[in-house]
Amino acid sequence: MKLLSIKPIAWAYAMITLGTEILNSVFSFYYVKLFLHMYKISEVAFYQAQMILMIWNALNDLTGYFHNSQADCCSGRHSSVLYGAPLYSIAFLLPWFPWKYYHEGDWLSGLHPVVSLCAFDSTLTFVQQAQCMLFAEIFTRHDSRLQLIKINQVASLVGSTSILFGGLISDNMEIFFNFQAFAVLIAILATASLYTGMYRMSHLGPKRSPEENLFSESEQDLPWTSIVSLMRQLLTQKNFCLFLIMSFFQVFHLTFFKNFMMIFADNLIPEDVLPSFLRSIMYGVGFICPQCLVLISQSWLKKFGYYKIILISFYLEGTASIVMSLLGQQYYYLLALYLTIIMVIVQASFCLFNLPLADMVDADLLKFNRQSPLSSMVFGINALFTKPAQSLAPMMILSKLKQYGYGNADKSTIFDLHDAMFNLICLVPLGIAVIQILVWSPFSMRNKTDYTGAL
């Protein structure tokens, strides 16, 4: 089916994706370098911010679940995006404007990342959880979900160009005023995109019958014992637990490259080999090409299914890391290509994760003969278990780099630091790929016919 023939509601859904992708790509890619290099916050302050974020994430995901589990599919979810859109854009702007001129060890520079990270995560969760549940509840057929994935990747592709243009306009954040102006511009564009998408969805989305609304009202009064019982039913299901483990490592892997790709490239690839302009293109390709890969692999996705495609991506990551490790860090162009390829594969496979999640919602509905899907609980538990990886990845990697003199003026440790960085970009993907292959291989719900008893 051609893109133009896809239902208008899918285009509206994609507009929400566009708005979130524009800001989320820039935030996750630049914030670590911003606080460590420009604001020069201490290592302890960085760890404290990540620890607080990890705790905040858990509380945020739980409250997000309770908010969305009590919301009508086509009214409460819409309200979450409509009210969250301006807050999301404001939270995005928080880190790029220092509250004062920071001195080394300034307590305010330690508070800044805490407020910025927690505010951005809260508003992003508020919007994305509602959007993910709309994916499972409105698009109930597998074919319609594949079509939605396709058009969603077009929106993600457009949104991901924010990394490319941000790098070109600001010389990879070296001209900070230009970057700040760019941040304000894309915040305005993202808000407009979110509002446009949700306004259209509120008019095009299916309406619940009076009987469904009556049932929805009864769901709001579920006692804690029932909620715990439902969570136990989900967490004792083999496939769901396997997916949670695999997804945790995928989020860790993706965060690792998003947060440190620029830092690794700056240290391992000399400026005269890869000038700033080409670096901006490389970073942009790392965010744009995953969407292109998903778009061109639609026929493979229909033929082989998401299970095999995701599994193949793990083997490709492991193979690429072994080859790069054997070649060594002196091949600068191959190293730049390797960083880009790994980034593309990890992001592309992660784009497919909503498919197994939505299928598990459907399978759970059939297996337990439920009157309403547990979409909010499934997506909420997934977020609760995987979000800590977003904090653990930067903490663990920074701790390792600090052992080899990262951030110090002592030039005698530079070669050890470069060796440590190279080992990280080869061994971390290899280790994660091995774990994910072992965990994902037993996953038994591999297509829509595997619903009965598959969970």
Side-chain angles (χ1 to χ4, degrees), residues 28 238-239 241-265 268-269 282-283 285-294 296-297 300-301 303-353 355-356 385-386 388-390 392-394 396-397 400-401 418-446:
S28 60
K238 176 186 173 183
N239 277 343
C241 291
L242 290 174
F243 180 85
L244 288 178
I245 297 171
M246 186 272 291
S247 185
F248 173 88
F249 282 101
Q250 190 77 358
V251 172
F252 185 100
H253 200 177
L254 189 56
T255 304
F256 165 64
F257 273 99
K258 278 187 174 182
N259 289 172
F260 289 93
M261 182 179 180
M262 185 185 295
I263 294 173
F264 290 149
L268 295 177
I269 305 174
M282 183 183 81
Y283 303 146
V285 167
F287 279 81
I288 295 170
C289 281
Q291 330 305 335
C292 297
L293 185 59
V294 174
I296 64 176
S297 64
W300 297 346
L301 195 57
K303 182 178 180 180
F304 300 109
Y306 57 73
Y307 170 81
K308 288 184 179 178
I309 298 297
I310 292 173
L311 186 61
I312 289 170
S313 73
F314 300 153
Y315 280 104
L316 290 175
E317 292 163 19
T319 302
S321 61
I322 291 173
V323 171
M324 191 68 242
S325 179
L326 293 175
L327 288 173
Q329 59 182 293
Q330 67 272 19
Y331 296 97
Y332 299 124
Y333 291 114
L334 289 178
L335 181 58
L337 181 63
Y338 166 77
L339 288 172
T340 307
I341 289 175
I342 291 291
M343 185 74 165
V344 169
I345 295 175
V346 175
Q347 282 209 88
S349 58
F350 187 67
C351 290
L352 304 178
F353 279 23
L355 286 172
F385 277 82
T386 59
Q390 295 180 351
L392 289 173
M396 293 174 66
I397 300 305
K400 188 68 176 177
L401 294 179
H418 287 177
D419 288 340
M421 286 184 170
F422 182 74
N423 289 333
L424 282 173
I425 64 175
C426 291
L427 297 181
V428 170
L430 177 60
I432 291 177
V434 170
I435 293 171
Q436 288 182 311
I437 289 170
L438 294 175
V439 172
W440 188 239
S441 295
F443 189 84
S444 60
M445 194 181 70
R446 302 178 184 184

I want to check something: taking the side chain as every heavy atom from C-beta on, are [X] and [Y] in contact at a cut-off of under 4.5 Å?
X	Y	answer
Q436	I310	no
F314	P429	no
L268	L339	no
F443	M246	no
W440	L242	no
F260	I425	no
M343	Y283	no
F264	F257	no

Contact list for residues 310-319, test side-chain hydrogen bond (donor to acceptor under 3.5 Å, both in side chains), sequence neighbours left out: none

Listed once per pair and sorted, the side-chain hydrogen bond (donor to acceptor under 3.5 Å, both in side chains) pairs that draw on residues 324-340, sequence neighbours left out: Q329-D419

Once rounded to the nearest 0.5 Å, what's the spacing between atom [atom1] of [X] and atom [atom2] of [Y]?
X	Y	atom1	atom2	result
I435	L438	CD1	CG	8.0 Å
C426	L327	SG	CG	9.0 Å
K238	S444	NZ	OG	5.5 Å
I312	Y307	CD1	OH	10.5 Å
Q291	L293	CD	CG	9.5 Å

Please find the pair of heavy atoms, one from [X] and one from [Y], that lie closest to each other, and give the distance.
X	Y	result
P442	N239	O-OD1, 4.3 Å
F243	P356	CE1-CG, 3.5 Å
G318	L430	O-CD1, 3.8 Å

Derivation and outcome, side-chain contact (heavy atoms from CB on, under 4.5 Å), residues M421 and I263: CA-CA 9 Å; M421 286 184 170; I263 294 173; 4.1 Å; yes

How would you list, by chain and number, every residue that makes a side-chain contact (heavy atoms from CB on, under 4.5 Å) with [X], sequence neighbours excluded?
X	answer
K400	Q403, Y404, L424
T255	V251, N259, Q390, A393, P394
L254	K258, V346, Q347, F350
L244	L235, F240, I381, N382, F385

Worked verdict on F248 versus L392 for side-chain contact (heavy atoms from CB on, under 4.5 Å): CA-CA 11 Å; F248 173 88; L392 289 173; 3.9 Å; yes

